[in-house]
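Contents: one structure, followed by commentary.
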Amino acid sequence: MAKLVVQPFLHIWDCGGQPVFLEILPAFLTPRTMFLLLFDASKDIKERWQSRQNTPDGEMLFDEVVNESTSDLMAKWMSTIHSHLVKHNKDDTSPSLYCIGTRGDKLKAKWKRNQVKKQIQFLFEKKEFSDLIKDVLIIDNTTSGRGEKEDPSIKKLRKAIGDFIEKLVVPTPVNWVLFRKAFQELKQNVISVSDAIAIGVACHIPATDVPEVLKFYHELGAVLYYPQIECLKNKVILNPKWFVDTIGKVFTLEGCEEGWSGTRRWYVLRNNGVLVQPLYQEVWQSSGIDPEEIIELLVHFRLAAQVQTELYDSRFKQYFLPAVLPGYTGDPNEVRPGFKLRASPVHITFSTGYVPPGFFTRLATAVATNANVELNFESDYTYAVPASGFFNQLLNRTSKVEIRSIYRNRVCFSYGHPSDDFVLTDVNKAIQIDVLRYAPESSHPVSLKLVCQKILKLLDECCQKVEKTLHHGHNPHQSSRRIQYVCQCSPSSDIHYIQDIGAEKTSSDPVYCKMERIPRSLTIKESLWFKEERKNLEKETPPALKDANNDDTIPKTKSANEASHSSITQISKSKDDQQKVLLSIRNLAEILEVLKDGHFQTTKWIDLGLHLGLFYDDLKTIETRYNRDPDQCLRECLASWLKGSFEATWDRLAIAVGKVGETTAATYIRSRKELK
Ligand SMILES: Nc1nc2c(ncn2[C@@H]2O[C@H](COP(=O)(O)OP(=O)(O)OP(=O)(O)O)[C@@H](O)[C@H]2O)c(=O)[nH]1
Ligand SMILES: [Zn+2]
């Protein structure tokens, strides 16, 4: 082995808080990074965040106001960084994220600073990413570098950075260091892999080792090297910052300054998120990389998807780049009027509590490439609202509000032929799915029910693709993402979900929610997401229930709600009592005893937890906390289940126990609790 020398690396990425960076940056993060999340401590962190640009001559340009507060954005970044570190299995490293509130001088009173600090701490307390955050510092930059007068928090931060740089030092073979020095001397942005090999050989690195060395430097963020991307596999990007800036030209407003602003192609990009070939060829022609190769990279990271629209001359290629669009700040439930049938909203939720940054636009591009799907620009419409202002209201004036159908965080698609509308909206805590039919149900060859179910399947496939992209091919655990059905039990209540329901339910199964623990039938809008009752089960169903089901599953023409509500009481009465008894934490000892008597293998506790509906990440937390002791872990897992918002019954437990392969134990539970 060649002699090792220590080589310090320090690259600083200074990226704006603009939401578009949340989209681009995850593709370029490397694992050995210290993160400083900056926010303006003098502002209310619950207020909607507004993008601000400081021009060189000290002016401030105000950009879009987004639908997220500073605290939402901070939490999103924390969870992105967390998942970024997890995928690289960096659990051996100490946490390396600091939240830094600037303009501390505006908060004169100490209690005010502490209050802001507490608010930020509250964002990560008890979250799976809480261990990552080392400190929250409120700093006064105006004292920076002023010796004695300098804010002690700045000193603290400086020391933390210094310590981190020490740790960053990587023992590297001397010839590898030489190799990189040669790159730096070149002062070029990109070179070919064959040139890199020649340089490597000159530094006594065997030609066959060069790709490994390139990967090493890629991991450190010193170069970009993508052997897995066809068009870029023969290139080494020596200046990553330059590359990200080049790509960013179409994402930021920079292009406007360069004189393309008046053109149709620029308009189509700004307004519809469609990047046409003549535009990207022009923007990137002098970059030193073939524009087609840059586009392929964007496609690889799912920032772009090739589409066909009528917006531009069809001889040229077109790509959909939702990340360039402005954000939608209106009501997520607002849709184009005139629909005949609308499914209840469904949410895709995540165990972090937030939609992971970069997820939504990638989901949109993944969906846009599906053969049954088209971007739906046609559903742009205007509607009249009462105008604001005293005189306008006095004169009963209205003003027109233009609703566009495609935004960075809301995309309307058409699905199938004749088409239905299918809208995805990023509502921060979840991705909302709406499906609407504008044609009468009777005139359509495919039922909306079938369309809804196909859309769920399509979305699941697309989400998996996005997860792969965001995790660089590492497969994250499935259970961090879930489908939740928005409960329609009462129109006035806050958004909440139907509990304990999965795709395997049929539209005639009774459901519950946190507001209404008494089982009820699904409404027509909700039932669109579920299959019809399986026919072979019918003979086992008690007569009263069967009648109710028949009422509910036949396509209805009138008043679905009335029909379903009248059947609630019948269902709850007809069910076996023991089967429906809800278990609470008081039953924990008994459950443990029954499982023990049934010889349940405690080592299977994680799988059991998953089948009971617990989140994988929560189970992992239990595992670490209880040192992998199966008995303790099982007890905690069951306790979480009993305390959580699940419909905990002996029946559910027996089903889950059976699903993990413990069929004897499952039978034992059933016989002991006299279940069917
Ligand atoms: N009073 C006060 N002003 C500050 C403090 N920190 C930064 N500023 C001022 O805030 C303005 C913006 O600072 P920048 O460092 O450019 O902020 P930024 O968020 O990186 O902005 P971009 O570079 O445009 O993304 C500058 O005029 C700074 O002098 C502080 O602690 N107190
Ligand atoms: Zn409800």
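Start at 1 and go down the list; that is how both ligands and their atoms are numbered.
- Within the protein, the number of N/O/S atoms found under 2.8 Å from the Zn ion (ligand 2) is 4.
- Residue-ligand proximity: Ile139 is placed with a non-hydrogen atom under 4.0 Å from ligand 1.
- Ion pairing of Arg158 with Glu150 is present here, as a side-chain N (NZ or NE/NH1/NH2) and a carboxylate O approach within less than 4.0 Å.
- The residue from Thr425, Leu436, Asp421 that alone fulfils the side chain to side chain contact (heavy atoms under 4.5 Å, CB included) condition with Val335 is Leu436.
- Taking every heavy atom of Asp140 and a limit of under 4.0 angstrom, the matching atoms of ligand 1 come to 31 (O).
- Salt-bridge check for Arg408 with Asp426: failed, with every basic side-chain N at 4.0 Å or more from each acidic carboxylate O.
- Looking at Asn141 next to ligand 1, an N or O pair under 3.5 Å apart turns up.
- Residue Thr102 has no nitrogen or oxygen atom sitting less than 3.5 Å from a nitrogen or oxygen atom of ligand 1, judged on distance alone.
- Each of Asn409, Val427, Asp434, Asn428 was scored for a side chain to side chain contact (heavy atoms under 4.5 Å, CB included) with Pro332, with one residue passing: Val427.
- Atoms of ligand 1 found under 4.0 Å from any heavy atom of Thr142 (numbered from 1 in listed order, with element): 1 (N), 2 (C), 32 (N).
- Using the six-membered ring where Trp is involved, Tyr485 and Phe530 have ring planes that are tilted, between 30° and 60° apart.
- Using a 4.0 Å cut-off between charged side-chain N and carboxylate O, Lys43 and Glu47 make no salt bridge.
- When Asp140, Thr142, Asn141 are each tested for a side chain to side chain contact (heavy atoms under 4.5 Å, CB included) with Thr102, only one passes: Asn141.
- Nearest heavy-atom pair, Ser447 versus Glu441, reported as atom, atom and distance to 0.1 Å: CA-OE2, 3.4 Å.
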